[in-house]
Amino acid sequence: MRIKPLMKYNLITARFAVIVFYSCFMVGTVISNVTIAATSPSTPHNTVSIVGFLFFVVVYNLTAPQKSSRMLIARSASRKEIFVSQILFMLPLSAFMAVLQIITLYAAGLLGSTLSRTEWTGLRFDLQTAIAPDMDNVLVFFAVSFSVFVCFSAIGYFVGACISRWKWITYSVLIVGSLVFFSCLLIPDFFTAVWEAIKFMLFDDDTAWFIVLKQLALAVPFVLAAFPIIRRITAVSSSTGSN
Amino acid sequence: MNNYAIEIKGLTKTYGSHKAIDNMSLSLEPNKIYGLLGRNGAGKTTLLNILTGRLFADAGKGNVKVFGSPVYENVDILKQICYVEEKGFYSGVLKVSDILSVVRGLYPTWDMEYEKRLLLLFELDTRKQYRQLSRGMESSLGLVIGLASRAPLTIFDEPSLGLDAVIRERFYSEIIEDFTENPRTVIISTHLIDEVNSLFEEVVIVNDGKLLLKADCAELKSKGFYLSGREEAVRKAAEGAVVLSEERFGGSLTLSVYSEKEIAPTEGAEVQPMSLQKLFVELINPMIHEQLVKGGIVK
């Protein structure tokens, strides 16, 4: 398998997206921290930053099977090679984004406390201690972020593969499914069940390592389900068969 | 076991109710340059897409083999195929150097020194992003990839789109020169028939998803004639040939004919060779084709 050149292609295409995303994200974080520091005496908390990174990995993996696969199939790469390289690439990308998130938290926390002239409450306050007791450990925090990014990447990749194969059917299912899902949230029992599921996946009373395990376990079926779909995608964009 | 570069049997591809490829069978020998000709929508690109594993034939309808093996998910075969399409799918932010650095890893036969020479020959700036390239530069990048890949099966789909005359001539010279030193199977799909036909050893003409003709290019060209002069002399000279079209200018008559035998000029009837493009235009006319089939000249 020609994994090396394909990983290189993934790296080259991701490089630009990561730089643009992180530049915007960093600027946004600094501005928000300066604003908070100017209006409030407390240190800004940046735990919510994970949402931005999640958004990035989901969008990246949504588009990867659509755009990169086409180009690579056109350059005589097999679908299996493309699949393996894209799944493998999720790991360093997620790890890198988890590191960037930690850097952002440190930098933004330090900046916020300096500007507001308050004592920095430290990582233990910023680091989502609510989700597990050992989350103030940087390694544990990294592992949780990494596993959540991998899990969401896998879901994004699966959806992206479906869009590549059945574009309009997938869009229809996503739109109708979302409408039904959000409508059902109005039903108290359903809402409770959803909340319990989220709590099960993202919170733990003992250790965050269980969260890591659960996230990675959820990623596996999405990755496996994406494989047969990727094996049948074509490099032809229109129904007429022309390029 | 045969040693065809490409072997297609009973291939069919439909889009809804439209048959883009209709029960096509075709065999191409290795180490030749083929011209794939056909009108827009004739099924050329669909055929090439299926040949290269980018698109699937209808289930159970057709058997496609490249170098004796099926293409689909066959890495050993895929790495021997380089298909240079009309339009690349490259991300616009990628630099030419980035694209080449990835692509050269996909073909084991890639020639790095040759790539450098081709970049100079086609005047391609590797620092430019793909989106900054003009249409002609995009085509030039395709030419560099196709030639430098040295892939045993190299396919160019409209390789000269947007290229100026100088670069086109350089490409034609280069492909012949490189082919002489490194023979491989090359398929060139083009509408610039007269300009490129000197490269072809054989031509494959497709029309309405069907194989119309596969013939030796020089032989095919030797069968098309213009006969002009006095009507009786021209008609006499054209006896036994299939008349493709006729035009009158005052008292003289010009016939375009397809003849299996060479036609010699006679008194009152001049004979001129017909260009491949003109012959192609005539041959894809359904009525003419029917005559040729009836006459047993083509299948």
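Below, read A as the first sequence line, B as the second, and so on, with proteins coming before strands; counting in each chain starts at 1. Remember, predicted model here, so these are calculated numbers, not experimental data.
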Is there a side-chain contact between [X] and [Y] in this structure, where contact means two heavy atoms from C-beta onward sitting under 4.5 Å apart?
X         : Y        : answer
Glu85(B)  : Arg75(A) : yes
Leu94(B)  : Tyr9(A)  : yes
Ser101(B) : Lys8(A)  : yes

Is the positively charged end of Arg165(A) above the ring of Phe56(B), judged by distance under 6.0 angstrom from the centroid and angle within 45° of the axis?
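The answer is no, since Arg165(A) fails at least one limit relative to Phe56(B).
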
Can a donor-acceptor pair be found, under 3.5 Å and without considering hydrogens, that links the side chain of Glu73(B) to the backbone of Arg79(A)?
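Judged by distance alone, yes, a pair lies under 3.5 Å.
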
May I ask you to decide if Asn74(B)'s main-chain N or O and Ser78(A)'s side chain share a donor-acceptor pair within less than 3.5 Å?
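No; zero donor-acceptor contacts below 3.5 Å.
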
How close do Tyr72(B) and Arg231(A) get, counting heavy atoms only, and between which atoms?
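Looks like OH-O, 2.5 Å.
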
Looking at Pro5(A) and Leu106(B), what are the two nearest heavy atoms and their distance?
CG-CD2, 4.0 Å

Please say whether more than 12 non-hydrogen atoms of neighbouring residues, nucleotides or ligands are located less than 6.0 Å from [atom1] in [X].
X         : atom1 : result
Asp111(B) : CG    : yes
Lys214(B) : NZ    : yes
Arg104(B) : CZ    : yes
Phe96(A)  : CZ    : no
Lys210(B) : NZ    : no

First locate atom OH of Tyr90(B), then atom CG of Leu72(A), and finally report the distance between them rounded to the nearest 0.5 Å.
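CG of Leu72(A) is found 10.0 Å from OH of Tyr90(B).
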
Straight-line distance of Gln129(B) CD to Phe16(A) CZ, nearest 0.5 Å
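Taking CD in Gln129(B) and CZ in Phe16(A), the distance rounds to 6.5 Å.
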
Under 4.5 Å from a heavy atom of chain B, the part of Lys80(A) involved
both

What part of Arg15(A) is in contact with chain B, defined as an atom under 4.5 angstrom from a non-hydrogen atom: side chain, backbone, both or neither?
side chain

Could you tell me which of Asp98(B), Ile145(B), Ile81(B) has the largest number of non-hydrogen atom pairs under 4.5 Å with chain A?
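Max contact count across the listed options: Asp98(B).
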
Less than 4.5 Å to any heavy atom of chain A: does that hold for the side chain of Ser149(B), its backbone, both, or neither?
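Neither part.
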
